[in-house]
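In what follows, a single structure is set out as structure tokens and then discussed.
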Amino acid sequence: MAFYKSIISQITLYKYRYFVGYSAVVALLLTVLLVDINSIPNGISEPEMASAVTSMHLDPNLSLAWIVNAPHHLLQQLSINLLGLSRASLVAPSLFFGILTIILFNMTIRRWFSRSISIISTIITSTTASFMILARGGTPDIMLAFWTVLFIFAGVSFLVNHERGFRWKILIVLAGVGLLYTPYGIYTLLACLLGGLVHPHVRSRLKRVKPVRLATLIGLGLISLIPLVIYALQQPSSLVLLTGLDQLPQSIDQLRTHLATIVGLYLDFTNSRVVDTFLTPVFNIASLALMLFGLFRLIQKHHTARSYVMLTWLATTGLVLILISQSPHIALMPAMFLLAFGIKALIEEWYTLFPRNPYARFAGLLPLGVLLVGISTSNLMHYFNSFRYMSTPAYSASLSAVKQSVKLEGNRAVTVVTSEATKPFYEILKTNYPQLTVTSTLPPQITQPTLVLPNIASSYPDKSPSRVFVTWNQENNVVLRVYRP
């Protein structure tokens, strides 16, 4: 019998299962984040343009708006200065924080459950369309997921590791401050703190913190919040930006609109489409079923500290989605943690059917593997096919066309005509192309090569463009018109 077990172990690579699993995770993550990074999505959205403008104006004497999501803006400025203005330079910070988020998520699930659960959960999370949109996007929206996972990882490490706990306390404070600097992060922070402090084990661990260290942590947190306090005093509306309270429904009709948006984004599995910069449905039906299974198990075992935190976090996220913002990036991380609970519950239920039969347990991995591959493949196809073949009016492919046209003109002076809203974004190009003039007013006469973006309502009716740049989209496919004297 031992001989046959050894043969089976060698054939199935059982001894190397974790090495194979983590290798698959790394390969999949790099593929998901880097494949067609310059062409999917095809263009730059207005929020990405606004992020780039903020990143290139980090002067505290002019404005402190950049302190919101400051780490992302600092890296984005560095990326643009090194690589020039392009889609790759815009998304580089999000790729960096996306990889860190996945690593921290994997480490958290591994400490909560096991390595096998962490591998499966990480694969599904890294292929989820919402995560790919955040990690492959040029906005700082990925920061909410990053600070959230860092906060939970530090909290779990603090509870699990009784030695060298002070460094985890410092990390908890820094991650909590990071959440306060992130839009909607305060709700995640309050939910996790409330859920943790209610549990007696967490309270007992906090009571053991020495007064000197507690004072040090409080001082570190207060010092870290000084820029945010100054910004709030200068611009009180910044607090509205961070909390989203301006989006609260003012009537029953607005509340119904919020609920209809939630149904359309999260529960409409019959209509896959691109809505602004998001994809619907946000989660596929198999993932949602696992989340419901995980929720049922959380309620079953509500006495644990992680159940306290998760249930409070889920309730808070639900209220935020209903009352404030339906953005998928708010629901991403609580949904992925809930999915991990569902995966663990599913495996546990299978193992209870065959408590002493290792072959039956191994056989149970086959349908689980099929489910994992099915969910991941479905997620990848949903993301890449949607952004490749569906109309994406929120994204403009004009930047690459403008750069190509300017390069073709050599050192000649070139005028770019764009809308007033996007003018600051295209002015960033003047760093690498000093011969460029950016304006929001159409010149009456063409005295030099003039590049007219489609967001300009008027054009030259009596003159045909010498070159027209288009995309493969059926609607709004013209991205640039070039006029020459």
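Side-chain atoms are counted along with the backbone in the values below, which use heavy atoms only and exclude waters and symmetry mates. For the single chain, residues carry numbers from 1 onward in sequence order.
Between the side chains of Ser130 and Thr128, not a single donor N or O lies within less than 3.5 Å of an accepting N or O. Inspection of the Asn284 and Ser287 side chains reveals an N or O donor paired with an N or O acceptor under 3.5 Å. For the residue pair Thr270 / Asp268, a side-chain donor-acceptor distance below 3.5 Å is found, with atom types taken as modelled. A donor atom on one side chain and an acceptor atom on the other are not found under 3.5 Å apart for Asn42 and Thr471. Residues Arg136 and Ser94 have side chains that never bring a donor and an acceptor to within less than 3.5 angstrom of each other. Side-chain contact of Gln76 with Ser51: a donor-acceptor pair under 3.5 Å is present, judged by distance alone. No side-chain donor-acceptor contact under 3.5 Å links Ser325 and Ser327.
Here CG of Leu78 is found 9.0 Å from CG of Leu74. Values are rounded to the nearest 0.5 Å. Taken to the nearest 0.5 Å, the OG1 atom of Thr261 stands 6.5 Å off from the CG atom of Leu265. Residue Leu338 holds its CG atom at 13.0 Å from CZ of Phe296, rounded to the nearest 0.5 Å. The line from CG of Leu150 to CD1 of Ile103 is 12.0 Å long, rounded to the nearest 0.5 Å. Annotation: the span from Leu90 atom CG to Ile37 atom CD1 amounts to 10.5 Å, rounded to 0.5 Å. Atoms CD1 and CE, from Ile428 and Met49 in turn, are 10.0 Å apart once rounded to the nearest 0.5 Å.
A donor-acceptor contact shorter than 3.5 Å is absent between the side chain of Ser79 and the backbone of Leu75. In this structure a side-chain-to-backbone donor-acceptor pair under 3.5 Å is present from Arg203 to Val198. Distance alone, capped at 3.5 Å, is enough to place a donor-acceptor pair between the Ser238 side chain and the Gln235 backbone. Looking only at distances, no side-chain donor or acceptor of Glu349 sits under 3.5 Å from a matching main-chain atom of Ala345. Between the Lys344 side chain and the Gly294 main chain, no donor and acceptor come within less than 3.5 Å of each other. For Tyr181 (side chain) and Leu228 (main-chain N/O), a donor-acceptor pair under 3.5 Å exists by modelled atom type.
Within a 6.0 Å sphere centred on CD of Glu427, heavy atoms belonging to other residues, nucleotides or ligands number more than 12. More than 12 heavy-atom neighbours from other residues, nucleotides or ligands sit within 6.0 angstrom of CG on Leu197.
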- Message: Quick one, Phe293 with Phe341, criterion ring pair (Phe, Tyr, Trp, His ring centres under 6.0 Å). Give me CA distance, side-chain angles, the key distance, then yes/no.
- Response: CA-CA 8 Å; Phe293 198 20; Phe341 277 87; over 10 Å; no
- Given the rule in the ring pair (Phe, Tyr, Trp, His ring centres under 6.0 Å) test, do Tyr383 and Phe387 qualify, once you have shown the distances and angles that lead to the verdict? CA-CA 6 Å; Tyr383 175 84; Phe387 278 114; 5.1 Å; yes
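Each of Thr122, Thr101, Thr125 was compared with Asn106 under the side-chain hydrogen bond (donor to acceptor under 3.5 Å, both in side chains) criterion, and only Thr122 meets it.
Taking the six-membered ring where tryptophan is involved, the planes of His72 and Phe97 are essentially parallel, since the angle between them stays under 30° and well short of 60°.
Of all heavy-atom pairs spanning Ser307 and Leu298, the tightest one is OG-CD2, 3.6 Å.
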